[in-house]
Participant: 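Just passing along the structure, written as C-alpha cells.
Lettering follows sequence order; numbering is per chain, from 1. Everything numeric here is computed off the predicted structure, so don't read it as measured data.
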Amino acid sequence: MKSEHLNFEQLSDLFDDEVTENERKIYIFHIQSCSICRHEYESLCMCLSMLKGAKNGCGCIPDMCHDTIATYRARVRKRQYLKSVPAIAASVLIIAGVGFLHTDQFMDEKTLFSAQVSTQSDLERIIDSIRDSRGSIINITGEYVDGEIPGSDLAKLERVLNYFRIKHAVISNSQSAVFAERAAGFEDVGFRANSIAGASMFGRSNDFLKSRENGDKIRVRIFK
Amino acid sequence: MSVIDDVEIISKVLGGDTDAFSHIIRKYQDMVFRYVYYQFNNYDEALDITQDIFITVLEALGSFRHESKFSTWLYSIMVNHCKNYRKKKNRYSTVPLKITKGDEEVDIQLQDFRENPEERIVNEDSLRIIKEEIAKLPDDFREILSLRDIEGMSYNEISDILGINLSNVKVRIHRGREYLKNRLHTRGLI
C-alpha cells in the first residue's frame with residue numbers, strides 16, 4: 001500500500017467514515033507512514049473544517065415568523081381579490097347594461113325599431129291575407145291597404161285579421177264602376193263613412209254578411 | 001422538537017391555525033437562510049429568498065403526503081426554489097453602478113453601515129476567502145457541499161433532497177471537495 005498513494009475519493013470516504021473497519025485500518029496505517037498522503041488528508045481536513053466554520057459566517061437573522069405569515073396572508077387576500085375581479089366586472093357590466101336599457105334614448109330607438117319591424121310584418125301579413133282570400137290589392141298608402149276580395153272569402157279574411165288584431169272595414173261592394181275609377185288613377189276608392197262606422201273593427205260586420213250572401217266582390221280597407 | 005411535533009404543527013396549520021407555522025419557521029429558518037446565503041452570497045437577497053421559501057412551503061403544505069420527513073420535503077423545496085431563482089437571476093443579470101470621473105467610469109463604492117455579523121469571527125480573512133471560493137464553486141458543487149459539509153446532512157438525506165442516487169451524491173461530494181481544496185490551496189489558505 002505504501003507504494004500506491006490513497007486517491008482523493010478514499011481520503012474523502014475516510015473523512016466521512018464511509019469505509020469498512022478494515023479499510024479504515026489500512027488507510028490510517030498508510031497515512032501514518034506516507035507523508036504525501038498524510039499531507040493530502042490534513043489539507044482535506046483543514047478545507048472541510050473551514051467549510052464547516054462557514055456555518056457561522058453568514059450572520060444572524062431576525063425572527064422571520066411575523067413578516068412571513070403577514071406576507072402570506074397578504075398574498076392570500078390579493079389572490080382572493082384577483083379571483084373575484086371577473087365576478088365584480090361581470091356585475092358592473094350587468095348593472096350598466098340594465099341601466100342603459102332603462103335610459104330614454106335606448107327606449108326611443110328600441111320603440112322605433114320595433115315599430116318598423118311591426119309595420120313591415122303587418123303590411124306583409126295584410127297582403128298575404130288578401131292574396132290568400134283570392135283577392136287583389138287595389139291601393140297601398142302609408143296608413144292603409146285597400147283590397148278587393150270575393151264575398152265568399154270574407155269569413156276567412158276576417159278570421160285572419162281578427163287573429164292578428166288588425167283594424168279593417170268594408171268600404172264598398174260596388175264592382176265595375178270602382179274599378180274604372182281606380183284605373184283612371186283616382187285616389188278615392190269610394191270610402192263611405194257610414195260603411196266604416198257600421199263595421200266592427202274586430203268583429204263580424206253586417207256588410208260582410210251581406211256581401212257574403214250576395215257573392216259579390218267586396219272592397220276592404222285594412223289599416224296598418 | 002421531534003418529527004411528531006412537525007406533523008402536529010402541520011395538522012394545526014392545515015386546520016386553519018396559520019400562526020402555528022411560526023414554530024416551523026423558527027425551527028428551520030437558520031438552516032434555510034444559511035443554505036440560501038451560500039448559494040447567492042448576499043445577505044438581503046438571502047433573507048428575501050428565505051421568506052419566499054417559507055411562504056411556498058406554507059402554500060404547498062396541503063400537498064405534503066408524509067412520504068418523507070417534513071424536513072426533507074422542506075429542503076427539497078428550498079433547493080428547487082434556489083435553482084429557479086438562480087435561473088431567473090441569470091436571465092436578468094445586474095449592471096454595476098458606475099459614475100463618471102473625468103473621462104473614466106468608476107464603480108460606486110456603497111458602504112454597508114449595518115452591524116457586521118462577521119466581526120465576531122476571529123479569522124476574518126479565512127472566512128472571506130472561503131466565502132469567495134464557495135461563491136465561485138460550480139452550482140452543483142456548491143449545492144452539495146452546503147448540504148453535506150456546512151449543514152452536515154447524511155448521504156441518504158442529500159440523495160432524497162436532490163433526487164439523485166447515492167453513488168452520484170458521493171461522486172459529486174468528492175469532486176466538489178477536491179475542487180474546493182485545490183482552490184483554497186491556490187489561495188494559500190491550506
Side-chain angles (χ1 to χ4, degrees), chain A residues 5-20 23-24 27 31 34-83, chain B residues 18-19 21-26 29-38 41 43 46-47 50-55 58-59 114-118 120-121 123 126-131 133-134 145-146 148-152 154-155 170-171 173-175 177-178 180-185 189-190:
Chain A
H5 294 299
L6 294 173
N7 62 34
F8 190 84
E9 283 75 21
Q10 289 170 319
L11 294 173
S12 180
D13 282 342
L14 179 64
F15 183 88
D16 283 339
D17 206 17
E18 291 284 322
V19 288
T20 62
E23 282 173 332
R24 191 206 325 269
Y27 292 171
I31 286 168
C34 175
S35 60
I36 296 170
C37 289
R38 187 166 59 246
H39 176 72
E40 279 296 307
Y41 187 66
E42 283 170 358
S43 298
L44 175 65
C45 290
M46 199 182 291
C47 167
L48 297 182
S49 165
M50 290 171 85
L51 199 54
K52 197 161 191 169
K55 190 171 183 173
N56 302 317
C58 55
C60 301
I61 57 166
D63 188 359
M64 303 179 78
C65 302
H66 182 261
D67 285 351
T68 306
I69 291 172
T71 309
Y72 166 75
R73 285 185 174 139
R75 283 191 194 178
V76 169
R77 275 198 299 275
K78 189 179 175 185
R79 211 172 294 140
Q80 284 172 344
Y81 170 74
L82 288 175
K83 267 186 187 175
Chain B
T18 313
D19 290 327
F21 194 71
S22 57
H23 295 289
I24 297 281
I25 296 174
R26 282 197 193 99
Q29 72 170 23
D30 287 341
M31 186 268 152
V32 172
F33 173 77
R34 209 160 36 231
Y35 177 84
V36 176
Y37 177 82
Y38 281 113
N41 201 27
Y43 185 87
L47 270 181
T50 304
Q51 193 181 62
D52 275 348
I53 288 169
F54 280 114
I55 290 171
L58 187 50
E59 285 172 342
R114 292 172 308 190
E115 184 193 356
N116 190 353
E118 293 161 25
R120 287 170 293 177
I121 307 298
N123 198 341
S126 301
L127 184 66
R128 183 180 53 78
I129 291 169
I130 194 115
K131 276 183 178 180
E133 292 307 326
I134 290 171
L145 292 187
S146 294
R148 174 64 193 168
D149 292 319
I150 297 179
E151 299 307 327
S154 71
Y155 284 18
K170 279 190 179 184
V171 168
I173 287 173
H174 293 154
R175 287 182 184 168
R177 283 174 173 175
E178 192 170 17
L180 183 66
K181 186 177 83 72
N182 291 336
R183 288 293 310 163
L184 293 179
H185 181 72
L189 210 61
I190 54 175

Participant: Just so I know, are the side chains of H185(B) and S43(A) near enough to count as touching, which here means a heavy-atom distance under 4.5 Å?
Facilitator: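 Not touching, per the 4.5 Å side-chain cut-off.
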Participant: Starting at OG of S12(A), measure out to CZ of R175(B) and round the result to the nearest 0.5 Å.
Facilitator: 12.5 Å
Participant: If you round to the nearest 0.5 Å, how far is OG1 of T71(A) from CD of Q51(B)?
Facilitator: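 Rounded to the nearest 0.5 Å, the CD-OG1 separation comes to 4.0 Å.
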Participant: Please report the shortest heavy-atom distance between F8(A) and H174(B), naming the atom on each side.
Facilitator: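 Minimum heavy-atom separation between F8(A) and H174(B): CE2-O, 3.1 Å.
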Participant: Give a yes or no on whether the backbone of A54(A) and the side-chain of Y38(B) come within a donor-acceptor separation of less than 3.5 Å.
Facilitator: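 At least one qualifying donor-acceptor pair exists.
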Participant: Could you go through the salt bridge (charged side-chain N to carboxylate O under 4.0 Å, His left out) check for K55(A) and D30(B) one step at a time?
Facilitator: CA-CA 10 Å; K55(A) 190 171 183 173; D30(B) 287 341; over 6 Å; no
Participant: In residues 57-68 of chain A, what donor-acceptor pairs under 3.5 Å come from side-chain atoms, sequence neighbours left out?
Facilitator:
from   : atom 1 : to     : atom 2 : distance (Å)
D63(A) : OD1    : C65(A) : N      : 3.2
D63(A) : OD2    : R26(B) : NE     : 3.2
T68(A) : OG1    : M64(A) : O      : 2.5

Participant: Most heavy-atom pairs under 4.5 angstrom with chain A, which of L47(B), I55(B), T50(B), I25(B)?
Facilitator: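 Greatest number of close heavy-atom pairs with chain A: I55(B).
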Participant: Which value, rounded to the nearest 0.5 Å, describes the distance between D149(B) atom CG and L48(A) atom CG?
Facilitator: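 It comes to 4.5 Å.
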Participant: Could you tell me which residues satisfy side-chain contact (heavy atoms from CB on, under 4.5 Å) with R38(A), sequence neighbours excluded, listed by chain and number?
Facilitator: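 Once residues adjacent in sequence are excluded, the partners of R38(A) under the side-chain contact (heavy atoms from CB on, under 4.5 Å) criterion are I31(A), S35(A), E42(A).
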Participant: Taking all heavy atoms of I130(B) and all of C47(A), pick out the closest pair and write down the distance.
Facilitator: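 Residues I130(B) and C47(A), closest heavy atoms: CD1-O, 4.3 Å.
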Participant: Could you measure the distance from the OH atom of Y72(A) to the CZ atom of F54(B)? Nearest 0.5 Å is fine.
Facilitator: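 Reported to 0.5 Å precision, the distance equals 15.0 Å.
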Participant: Taking only Lys NZ, Arg NE, NH1 and NH2, and the carboxylate oxygens of Asp or Glu, determine whether R79(A) and E59(B) approach each other closer than 4.0 Å.
Facilitator: yes
Participant: Please classify the contact between R148(B) and chain A as side chain, backbone, both or neither, with a heavy-atom cut-off of under 4.5 Å.
Facilitator: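 Side chain of R148(B) only, per the 4.5 Å heavy-atom cut-off to chain A.
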Participant: Heavy-atom cut-off 4.5 Å, strictly under: side chain, backbone, both or neither for I129(B) against chain A?
Facilitator: neither
Participant: Which atoms of N41(B) come close to chain A, meaning under 4.5 Å heavy atom to heavy atom: side chain ones, backbone ones, both, or neither?
Facilitator: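 Looking at N41(B), nothing touches chain A.
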Participant: When you check the gap from the basic side-chain N to the acidic O, do D16(A) and K170(B) get nearer than 4.0 Å?
Facilitator: no
Participant: So do the side chains of L51(A) and I134(B) get within less than 4.5 Å of each other, counting heavy atoms only?
Facilitator: yes
Participant: Out of I173(B), L145(B), D19(B), L180(B), return the one with the most heavy atom pairs under 4.5 angstrom to chain A.
Facilitator: D19(B)
Participant: Evaluate the criterion side chain to side chain contact (heavy atoms under 4.5 Å, CB included) for residue pair M46(A) and K181(B); output intermediate values, then yes/no.
Facilitator: CA-CA 9 Å; M46(A) 199 182 291; K181(B) 186 177 83 72; over 6 Å; no
Participant: Please tell me if the side chains of I190(B) and M50(A) come closer than 4.5 Å, counting only heavy atoms from C-beta onward.
Facilitator: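 Yes, close enough: below the 4.5 Å cut-off.
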